[in-house]
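Accompanying notes for the structure given below.
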Amino acid sequence: MAGAGIQLDALTKRYPGTPEPAVDAVTMDIKPGETVILVGPSGCGKSTTLKMINRLIEPTSGRITIGDEDVTSIDPVKLRRKVGYAIQSSGLFPHMTVAENIALVPKMVGWSKAKVRARVEEMLDLVGLDAREFHGRYPRQLSGGQQQRVGVARALAADPPVLLMDEPFGAVDPITRDHLQDELIRLQHELHKTIVFVTHDFDEAIKLGDRIAVLREHSHIAQFDTPEAILTNPADDFVSGFVGAGAALKRLNLTRVREVGVAEFPTVSVDDPLEAVSATLRAGPHNELLMLDGANRPYKWLRRGDLARAKGSLARAGQLVGDTVTRDATLRDALEAVLTDSGGRVAVTGRRGEYIGVVDMETLMASVQEMLEADRRTAFEHQHEQQGLVDGGVG
């Protein structure tokens, strides 16, 4: 099921005994299949706004429409079965296996056992987890990143048109967070759900959002626009302050690795004999190779000197691969990975970590240069346009 549009009309939440509303008359039109990010300072009401969409928090007044249905007054339990919901702590039930957690909502809405079983396997595959390995595990047996993947799988299991996400990646380490963000981008390319995502991290908002709603106190909308428009033309000082310094650097989050070109690189397998590895290195244009493991994942970088010191065995030769990036990683992700690598390149991987190619510093810097030149052209054209308006007014 593709995404459904969401309309919030004067949505308001007042708590008893408080003089000011937590959320004050928010009106917002979210398009079907769009990813909209709610971002703002702590306490501005962004999570409250999100939770009113599936009525985990009941609105005091206003209206919510999903698709063509006014959901403000329907049974909230039925509503929540049609709206996926993912939160920071994954929200998995600790006494249920991974499969039981994912199957929860499909069972509630009356799917057959066979359909539920097939859906569990499909969802695990979709979020990049091997069903045979993870099916019977419990949440405590998973890493934080794996728990979040299962949480997303559970939220999507009954194929809802809308997915609400409340800081879902806020509790994991930065590297895992980057990979989970890339995974969400990939999923959205496949599923085209309508996603409303709350974060306090503006870089995350830029990376994930088709549009960003920058919220002031009481969820008053300061600006609701594309990431590029907010970075290049913030509405006022509040938005500028929230964007912070380094807007040009943040724009690197607008371009994906798949857009800059992934290069071929000579590879060998961990099972190849030393003689074959040496021959491949001699025949190629580079002074190093990338060794792949048995699952075709990047394993080690091997240089000529490493082979000379191998003494008949590759077991201890070479340097383990550090960071990798996916095709949905941003230019900023790739640049950070390349800058921390002594060879000035980073391996690009697919959804199961399989090797695809490499991106190097030269390619990234060429893309940055193109972006800066485009910015200069845009600024020049804008300046001349404004000057034309002034001259026309004077005339």
Side-chain angles (χ1 to χ4, degrees), residues 1-11 13 23 26-39 45-59 62-88 90-91 101-111 119 122-123 126-127 148-169 180-181 183-199 204-205 208-213 215 219 221 224:
M1 185 183 295
I6 303 172
Q7 289 78 41
L8 309 182
D9 183 11
L11 200 62
K13 180 62 183 180
V23 174
V26 172
T27 296
M28 186 180 294
D29 189 355
I30 299 170
K31 300 169 187 173
E34 185 177 32
T35 300
V36 166
I37 313 295
L38 307 183
V39 63
K46 53 189 182 291
S47 289
T48 303
T49 301
L50 183 84
K51 290 175 182 177
M52 282 195 286
I53 296 175
N54 68 351
R55 292 177 51 211
L56 278 173
I57 294 177
E58 286 291 349
R63 192 171 66 163
I64 307 157
T65 305
I66 297 178
D68 296 324
E69 184 179 18
D70 183 344
V71 302
T72 313
S73 57
I74 70 170
D75 181 353
V77 175
K78 289 182 180 178
L79 169 63
R80 287 173 211 140
R81 290 174 184 173
K82 297 190 289 185
V83 176
Y85 184 55
I87 58 177
Q88 184 176 119
S90 82
N101 267 285
I102 296 172
L104 198 61
V105 178
K107 284 182 177 178
M108 286 180 178
V109 296
W111 289 19
R119 184 63 171 171
E122 180 186 357
M123 295 311 301
L126 192 68
V127 298
Q148 290 306 114
R149 286 171 185 262
V150 175
V152 171
R154 185 178 68 176
L156 292 169
D159 199 22
V162 170
L163 176 60
L164 307 180
M165 308 187 80
D166 194 358
E167 302 209 47
F169 310 143
L180 288 169
Q181 291 166 349
E183 192 73 9
L184 181 62
I185 293 165
R186 182 190 64 76
L187 284 172
Q188 181 64 334
H189 283 318
E190 292 185 29
L191 301 177
H192 308 290
K193 301 295 184 183
T194 303
I195 300 175
V196 186
F197 188 112
V198 164
T199 183
E204 184 169 62
L208 297 178
D210 296 314
R211 286 193 295 164
I212 299 171
L215 305 181
S219 282
I221 297 173
F224 187 23

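Along the sequence shown, residues carry numbers from 1.
The salt bridge (charged side-chain N to carboxylate O under 4.0 Å, His left out) test applied to Arg186 returns Glu183, Glu190, not counting sequence neighbours. Listed by chain and number, the residues in a salt bridge (charged side-chain N to carboxylate O under 4.0 Å, His left out) with Arg55 are Glu58 (sequence neighbours excluded). Judged as a salt bridge (charged side-chain N to carboxylate O under 4.0 Å, His left out), and not counting sequence neighbours, the contacts of Lys82 are Glu69. Not counting sequence neighbours, the partners of Ser47 by the side chain to side chain contact (heavy atoms under 4.5 Å, CB included) test are Asp166, Val198. Asp75 meets the side chain to side chain contact (heavy atoms under 4.5 Å, CB included) test with Val77, Lys78; sequence neighbours excluded. In this structure Glu204 satisfies the salt bridge (charged side-chain N to carboxylate O under 4.0 Å, His left out) test together with Arg177, sequence neighbours excluded.
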Residues Thr49, Lys51; criterion side-chain contact (heavy atoms from CB on, under 4.5 Å); working and verdict: CA-CA 6 Å; Thr49 301; Lys51 290 175 182 177; over 6 Å; no
- prompt: Could you walk me through whether Thr27 and Leu8 pass the side-chain contact (heavy atoms from CB on, under 4.5 Å) check?
  reply: CA-CA 5 Å; Thr27 296; Leu8 309 182; 6.0 Å; no
- request: For Thr65 and Asp9, run side-chain contact (heavy atoms from CB on, under 4.5 Å): C-alpha distance rounded to whole Å, both residues' side-chain angles, the deciding distance at 0.1 Å, then the answer.
  value: CA-CA 8 Å; Thr65 305; Asp9 183 11; over 6 Å; no
task: Begin from the C-alpha positions of Asn101 and Arg154 and carry the test side-chain hydrogen bond (donor to acceptor under 3.5 Å, both in side chains) through to its verdict.
output: CA-CA 6 Å; Asn101 267 285; Arg154 185 178 68 176; 3.1 Å; yes
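Residues Glu34 and Thr194 have side chains that never bring a donor and an acceptor to within less than 3.5 angstrom of each other.
Taken from CD1 in Ile195 to CG in Leu164, the straight-line distance is 10.0 Å, to the nearest 0.5 Å. With rounding to the nearest 0.5 angstrom, the CG atom of Leu38 is 11.0 Å from the CZ atom of Arg211.
At a threshold of 4.5 Å between non-hydrogen side-chain atoms, the residues Leu208 and Ile37 count as touching. Residues Lys193 and Leu156 have side chains in contact (heavy-atom distance under 4.5 Å, counting atoms from C-beta outward). Looking only at side-chain heavy atoms (C-beta outward), Ile30 and Gln7 stay at 4.5 Å or farther from each other.
None of Val36, Ile212, Leu184, Leu163 except one satisfies the side chain to side chain contact (heavy atoms under 4.5 Å, CB included) rule with Phe197; the exception is Leu184.
Distance alone, capped at 3.5 Å, is enough to place a donor-acceptor pair between the Ser219 side chain and the Gly45 backbone. For the pair Thr72 (side chain) and Ile64 (backbone), a donor-acceptor distance under 3.5 Å is present.
A cation-pi contact, defined as under 6.0 Å to the ring centre and within 45° of the axis, is absent between Arg80 and Tyr85.
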